[in-house]
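Here's the structure we're looking at; comments come further down.
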Protein chains: 2
Amino acid sequence: MDPHLLRTFVAVARLGSFSAAASELGYTQSAVSQQIAALEHDLGATLLLRRPVRPTDAGARLLEHAGPILLRLGAARADVARLSGPPSASVALQVTPLAALDAPALAAAGRSMPRVALTVGVAARDEVAAAVATGAADLGLLDGVTAPSDPLPLPDAGPLTTRTVAEEPVVVALAAGHPLAGRRSVRLADLADARWLDAPAVATPLPQLRALARAEGFRPGLTYSGSDRATLLALVAAGAGLALLPASVVAEVPAVGVAEPRLVHRTELVHGSLTAAARAFVAAWGH
Amino acid sequence: MDPHLLRTFVAVARLGSFSAAASELGYTQSAVSQQIAALEHDLGATLLLRRPVRPTDAGARLLEHAGPILLRLGAARADVARLSGPPSASVALQVTPLAALDAPALAAAGRSMPRVALTVGVAARDEVAAAVATGAADLGLLDGVTAPSDPLPLPDAGPLTTRTVAEEPVVVALAAGHPLAGRRSVRLADLADARWLDAPAVATPLPQLRALARAEGFRPGLTYSGSDRATLLALVAAGAGLALLPASVVAEVPAVGVAEPRLVHRTELVHGSLTAAARAFVAAWGH
DNA sequence: CTACCTTACGAAGGACGTAATTATT
DNA sequence: AATAATTACGTCCTTCGTAAGGTAG
């Protein structure tokens, strides 16, 4: 199961086309066809249905493995490169939208090191973690909601070092006229049948909400795919649905604390092995 | 980074010899030398020091990734095979030593299916999980200690289905004359400086204990590498050290409950996608 | 001098591109 | 008919084994 073949398989499945995958990967259509045939022969199973191109059950199963495998392979390569490569004078940082609220601390740490070029990018949590694991970023700043004693769940791409930089209560943001407005606190599970706002980039994604509440439900009323906090709050205020957010983000909108289960919103700084510049940056973070 | 090369690299590092790895893998010494050279060239780093053969820093880092990568690759292959292969009339089960306490339920489930051949093997938790992930076993029965709401931590080899079959309080087993004997309960962190019995196969391994207590310490007084419960209890009774165990296992020996953090000992039945025979077995488990 | 890793070299196999073929819409 | 995957085939590159060469203990 050559990673090369796996990469091609993933591309074909994603694009739904041999030829499109070929041009994306810089192969001929024929080469891609041969690679898929080789993979199918190796595994002894048909992985793709043709015309239209779409994964079989076995292929879908393989896809679930292929991503993590390719990610870990990249992480291994990056890890070795960091240990044996030349030190860099620049620091690449990736942050999730809400973690960017720590911008003041970030800017301060950046100012304290005038000699290093600092690059900041914004992405979803798994992407930030993947970037750090594969060395595309030196540092990640990511946020999420968990039980107080649990770490934020990250895709398993090897050992990453994690440091909590902020932790605060979570609240359910809601519209002013909502029946729950004014309540002191609620149990998350009691809100399973409420109308939720699905904003995976900014608020807690609904699948995670189900896992945290250990309950089904939490159906999306409206989906907001952007990453702007003000827009999200405006939508909540307009009654589009509930959103689980860190307390400090919710200002202009009523909110109710969550009593059960016990949850916190945490911002973590995560990195693999560091270059000297990145290490200094992490040290400077603590002021 | 061909998995083939990775496998060879792991073998060489483990055996500390190119020639030994060659004979284990069925290559000539020369082929192994060329494979390692190819891997080092690909990654642009020296991975092994020669004479004596031992990993460099970069090589050690790569080793941390190689195991999980190879495991996941095997899991992917097994998963595809299960979905497209022929149904089997036998069920292979792997259990951890303490999970074997569920033997009555196990035997009952086996008896209820006279037509299928049932194989049972005993191994450590990670090995059981790896066997299930790679398809070496259909079902795993494994045990461990965690927070009540957390699943047992398993090596990440893809999505496995998990079902709790037993859950009970944990206690610290100790010798009759121990100062703590008679106490109602203790906080785990308060025992960091006590003398512990390191019995990774039967009791909670000490590194895990440190993680659960979120404290350093828990130094081993004596290490018991066997997997026999009676021997373990005899050692505890003889004052060799403390052991964190499920309550039901501790009978002849004094024990103290753990108040903080809240912990349980859980036994879980875990499997990937199931053959018909294995599925019936799982169903029969519930009587 | 001896065990053991590396290098040289040739043969076998594998991978990719071009081009012809087949199959689906 | 047109679009798109497969097969045929030649070339190049890779990989392995045999055998010779180096090197550390």
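Everything numeric in this text was worked out from a predicted model, so none of it was measured. We name chains A, B, ... by the order of the sequence lines, and we start the count at 1 in each one.
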Length of the line joining Ile36(A):CD1 and dT6(D):P, which is rounded to integer Å: 9 Å
Atom-pair distance (CZ on Arg50(A); P on dT25(C)), nearest Å: 14 Å
Kindly point out which of dT6(C), dG17(C), dA4(D) is positioned nearest to the side chain of Phe18(B)? dT6(C)
Using a heavy-atom cut-off of 4.0 Å across all strands, would you classify Gln35(B) as base, sugar-phosphate, or nothing? sugar-phosphate
Does the dA5(D) base have a donor-acceptor partner in the side chain of Gln29(A) within less than 3.5 Å? yes
I'd like to know if Arg14(A) pairs up with Glu24(A) as an ion pair, taking the criterion as any Lys NZ or Arg NE/NH1/NH2 lying under 4.0 Å from an Asp or Glu carboxylate oxygen. yes
Of all the nucleotides listed (dC5(C), dG17(C), dA23(C)), which has the minimum atom distance to the side chain of Arg51(A)? dA23(C)
Considering only heavy side-chain atoms of Thr28(A), the closest of dG17(C), dA8(C), dC5(C) is dG17(C)
Starting at atom CG of Leu49(A), determine the distance to atom P of dA4(D), rounded to an integer number of angstrom. 18 Å
Looking at side-chain heavy atoms only, is the closest gap between Thr56(A) and Leu48(A) below 4.5 Å? no
Determine, for Arg125(B) against Glu268(B), whether the closest basic-nitrogen to carboxylate-oxygen distance falls under 4.0 angstrom. no
After noting the C-alpha distance and the side-chain angles of Arg77(B) and Asp42(A), does the key distance pass the salt bridge (Lys or Arg N to Asp or Glu O under 4.0 Å) rule? CA-CA 9 Å; Arg77(B) 181 178 292 277; Asp42(A) 175 35; 3.0 Å; yes
Which of dG17(C), dA5(D), dT7(C) is nearest the side chain of Ser30(B)? It is dT7(C)
Please report, rounded to the nearest Å, how far the C1' atom of dG14(C) is from the NE2 atom of His41(A). 13 Å
Hey, does Ser33(B) reach any base, or is it just sugar-phosphate, or nothing, if we go heavy atoms under 4.0 Å? base
Just how far, in rounded Å, is P of dG14(C) from CG of Leu39(A)? 16 Å
OG/Ser273(B) to CZ/Arg279(B) distance, rounded to the nearest 0.5 angstrom? 8.0 Å
What is the distance, rounded to the nearest whole Å, between atom CD of Glu40(B) and atom C1' of dC5(C)? 12 Å
Would you indicate, yes or no, if dC5(C) has its OP1 or OP2 atom less than 4.0 angstrom from a side-chain nitrogen or oxygen of Ser19(B)? yes
Taking the side chain of Gln34(A) as heavy atoms from C-beta outward, which of dT7(D), dC5(C), dC16(D) is closest to it? dT7(D)
I want to verify a distance call: between dC16(D), dC5(C), dC16(C), whose nearest atom is closest to the Ala31(A) side chain? dC16(C)
Between P on dA5(D) and CZ on Arg54(A), what's the gap in Å once rounded to a whole number? 15 Å
